[in-house]
Structure formats: structure tokens, C-alpha cells
Amino acid sequence: MARWWAEFERARPEEVAYYAAAIRRFGQPALDLGCGAGRLLVPLLDDGFDVDGVDIAPDMLAHAAAAAREGDHAPVLTVQALHQLDLKRTYRTAYGSGVFGIGVARSDDREALRRIHRHLEPGGALLLEHELPYAGRDEASWARWLAGRRQGIPRDWRARGDRRRAADGDEIELITRLASFDPLEQVQRFEIRARLWHAGEVVREEDDQLTENLYFAQELLLLLEQTGFGPVSVEGPHTGRPAEPDDGTVIFVARA
């Protein structure tokens with residue numbers, strides 16, 4: 001699964017440009033929260049920024065370190081959960097893209113924000129990119145929030161997933177299914193199956209699961225206020241403009 005992210009998940013130019021502009025605005029050093037395999041971290045290093053990374057997955061960080069070395073960079077990469085964040089350095093800018101609420105309890109999310117705040121210098125900024133619960137949802141997806149409309153969960157596994165060719169000629173296939181959904185707790189759980197194909201045969205298969213705490217915009221604004229952040233603005237995705245009602249993904253810009 002880590003190899004999938006390293007091979008196929010690339011930052012779009014507008015993403016890199018947005019976070020580069022933010023680091024220029026709020027200052028360096030910067031911290032990539034949940035940096036994974038270096039999707040945003042490495043392009044920003046290539047642009048000359050001083051960026052460290054933290055992630056809970058050692059295999060992801062191994063890919064990030066390898067990609068950084070290819071560009072002759074040596075960032076500080078730390079294996080750590082965000083709710084246990086305890087680094088030796090403080091930062092002017094911290095950013096996280098799609099990582100908040102993933103794989104932890106809600107109390108851990110609150111603690112993560114507290115610890116991020118402690119690692120920001122006064123006047124620094126947190127940029128938290130977050131997909132709202134209604135982002136990209138069709139009518140059937142929204143129906144599961146209603147009583148009696150959650151039949152068919154867990155969904156059946158699809159016979160085929162997204163299968164792509166890696167740089168060495170092997171293929172990696174990823175299949176995801178919704179395993180549970182709780183509208184009261186605002187939590188959903190996915191099961192993920194990754195297959196490695198070599199010469200047309202499956203030579204390895206991994207199963208994992210991922211839980212996601214679902215947060216609406218006003219909930220996150222309250223959490224940021226309660227964990228010490230000052231003025232908070234909500235922007236549209238990688239635009240710098242104020243968010244609009246039709247934006248499914250937004251970026252919270254919170255000052256320390």
C-alpha cells in the first residue's frame with residue numbers, strides 16, 4: 001500500500017503552488033503533517049523550502065526518504081502519530097492534507113490540534129486541508145445518513161480494483177469497500193485490499209482497514225478555537241479565496 005502511494009499519488013501543480021505560497025507568507029521552517037510517501041514534501045523540498053515530515057507509517061516515510069535523497073535533500077522525518085507529536089523543533093508553518101480524523105479517536109484529533117499548536121511559533125499558521133462529509137457524494141451516499149437506509153453495508157468486495165503498472169513492470173491493484181457507517185458517531189470504516197501482480201500472477205496480498213471521523217466545517221472551527229488557535233479563515237481548495245457553499249474540500253488557515 002505504501003508503494004502504491006509512492007508510485008502513483010502525485011501532487012498536482014496547483015497544490016504545490018498553494019502550499020509554497022503559504023510557506024512564503026507564513027515563514028519557514030515548515031512541517032508536513034502526515035507526509036506519507038512525500039507527495040507534497042518532496043516537491044516543496046525541490047523548490048528550496050525547509051520542510052520536515054511526520055507520519056505514523058514507517059514504510060511510507062521510507063519511500064519519502066528515498067525520494068528526498070534523489071533530490072539531494074535530507075529533511076527530518078519522524079515516525080509519530082499527530083496526537084503524540086513531540087519534536088525538537090518549532091515551525092512557522094504546518095500543513096496537513098487529508099489526514100485529519102484518519103485512524104484515531106476523536107479525543108486524539110483534539111489532542112493532535114493541541115500538539116500542533118505547541119509546535120508552531122507565535123504568529124505561525126496551520127493549514128488544514130479537509131474533505132467535508134458531503135464532498136463528491138451522490139444521492140445514494142447521503143441516504144445512508146437516514147434511518148433504515150444502510151442496507152448493503154458492508155458492501156461486497158469488487159472482483160477487480162484499480163490496477164496500475166509500477167516503474168519496475170509489476171502491477172499494484174487497490175480495492176476499497178465501505179465496511180461500516182455510524183451517523184451518530186460520524187465515523188465510517190473502510191477495508192482496503194492491495195495486490196501485487198508479477199508476470200500476470202498475484203504474488204502478494206495485503207488487507208488493512210481505515211477509519212475516518214467525519215467533521216463538518218463548523219465542528220472544526222470550534223475544535224481549532226478550543227485548542228488555542230486564533231483567527232481562522234476557511235478557503236476554497238488551493239485558491240486562496242474564501243470557501244463557498246459548493247466547496248466539498250476546504251482549507252482551514254489557523255493562526256497560532
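One-based numbering along the sequence shown. Keep in mind that this is a model prediction, so the values were computed, not measured.
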Engineer: What's the shortest heavy-atom distance between Val54 and Leu31, and which atoms?
Structural biologist: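 Between these two residues, the closest heavy atoms are CG1-CD1, 4.2 Å.
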
Engineer: Regarding Arg204 and Glu206, does a basic nitrogen lie under 4.0 Å from an acidic carboxylate oxygen?
Structural biologist: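 Between Glu206 and Arg204 there is a salt bridge, with a charged N closer than 4.0 Å to a carboxylate O.
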
Engineer: Donor-acceptor pair, Arg193 side chain versus Asp208 backbone, under 3.5 Å?
Structural biologist: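 Here the side-chain-to-backbone pair does not exist.
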
Engineer: Please determine whether the number of non-hydrogen atoms from other residues, nucleotides or ligands lying under 6.0 Å from atom CZ of Arg158 exceeds 12.
Structural biologist: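 Yes, the 6.0 Å shell around CZ holds more than 12 heavy atoms from other groups.
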
Engineer: Closer than 3.5 angstrom, by distance alone: can the side chain of Asp182 be matched with the main-chain N or O of Glu185 as a donor-acceptor pair?
Structural biologist: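 Yes.
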
Engineer: Tell me whether Thr239 contacts the main-chain N or O of Arg241 through its side chain, where contact means a donor paired with an acceptor under 3.5 Å.
Structural biologist: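 The answer is yes, because a donor-acceptor pair under 3.5 Å joins these two groups.
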
Engineer: Cation-pi check for Tyr215 against Arg106: NZ or CZ below 6.0 Å from the six-membered ring centre and within 45 degrees of the axis, yes or no?
Structural biologist: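 Yes, Arg106 and Tyr215 form such a contact.
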
Engineer: May I ask you to say whether Arg177 pairs ionically with Asp156, meaning some side-chain N is under 4.0 Å from a carboxylate O?
Structural biologist: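 A salt bridge is absent here (no side-chain N lies under 4.0 Å from a carboxylate O).
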
Engineer: Considering non-hydrogen atoms only, spot the tightest contact between Arg165 and Gly169 and give its length.
Structural biologist: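 So the minimum-distance heavy-atom pair works out to NH1-O, 2.9 Å.
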
Engineer: Is the cationic atom of Arg163 (NZ for Lys, CZ for Arg) positioned less than 6.0 Å from the six-membered ring centroid of Trp197 and within 45 degrees of its normal?
Structural biologist: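 Yes - Arg163 lies over the ring of Trp197, closer than 6.0 Å to its centre and within 45° of its axis.
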
Engineer: Determine yes or no for a side-chain-to-main-chain donor-acceptor pair under 3.5 angstrom, with Gln209 supplying the side chain and Phe190 the backbone.
Structural biologist: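 Side chain of Gln209 to backbone of Phe190, a donor-acceptor pair under 3.5 Å: no, none is there.
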
Engineer: Would you check if the side chain of Thr93 reaches a backbone N or O of Gly27 as a donor-acceptor pair within less than 3.5 Å?
Structural biologist: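 Indeed, once roles are kept as given, a pair shorter than 3.5 Å links the two residues.
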
Engineer: Counting only heavy atoms not in Asp168 (residues, nucleotides, ligands), do more than 12 fall under 6.0 Å from its CG?
Structural biologist: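 Yes - once you tally the heavy atoms of other residues, nucleotides and ligands closer than 6.0 Å, there are more than 12.
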
Engineer: Identify whether the distance between the nearest side-chain nitrogen and carboxylate oxygen of Asp162 and Arg164 falls below 4.0 Å.
Structural biologist: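 Counted as a salt bridge, because a side-chain N and a carboxylate O are separated by less than 4.0 Å.
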
Engineer: Could you walk me through whether His83 and Val104 pass the side chain to side chain contact (heavy atoms under 4.5 Å, CB included) test, one step at a time?
Structural biologist: CA-CA 9 Å; His83 64 279; Val104 294; 4.0 Å; yes

Engineer: Are Arg144 and Phe181 in a cation-pi contact, defined as NZ or CZ under 6.0 Å from the six-membered ring centre and within 45° of the axis?
Structural biologist: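 Geometry flag: set, cation within 6.0 Å and 45°.
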
Engineer: Would you name the heavy atoms of Asp50 and Gln28 that are closest together and state the gap between them?
Structural biologist: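 That closest heavy-atom pairing would be N-OE1, 2.7 Å.
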
Engineer: With a sphere of 6.0 Å drawn around CD of Glu225, does it hold more than 12 non-hydrogen atoms of other residues, nucleotides or ligands?
Structural biologist: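 Counting other residues, nucleotides and ligands, CD of Glu225 stays at 12 neighbours or fewer.
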
Engineer: Is it the case that over 12 heavy atoms from other parts of the model lie below 6.0 angstrom from the CG atom of Asp246?
Structural biologist: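 Not buried by this count: 12 neighbours or fewer within 6.0 Å.
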
Engineer: If you take all heavy atoms of Leu33 and Val99, which pair is closest and at what distance?
Structural biologist: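 Reported closest heavy-atom pair: O-CG2, 3.5 Å.
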
Engineer: Got a salt bridge between Arg39 and Glu9, using NZ or NE/NH1/NH2 to carboxylate O under 4.0 Å?
Structural biologist: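 Salt bridge flag = no for Glu9 with Arg39.
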
Engineer: So do Gln186 and Phe216 actually touch side chain to side chain, heavy atoms under 4.5 Å?
Structural biologist: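 Sidechains of Gln186 and Phe216: in contact.
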
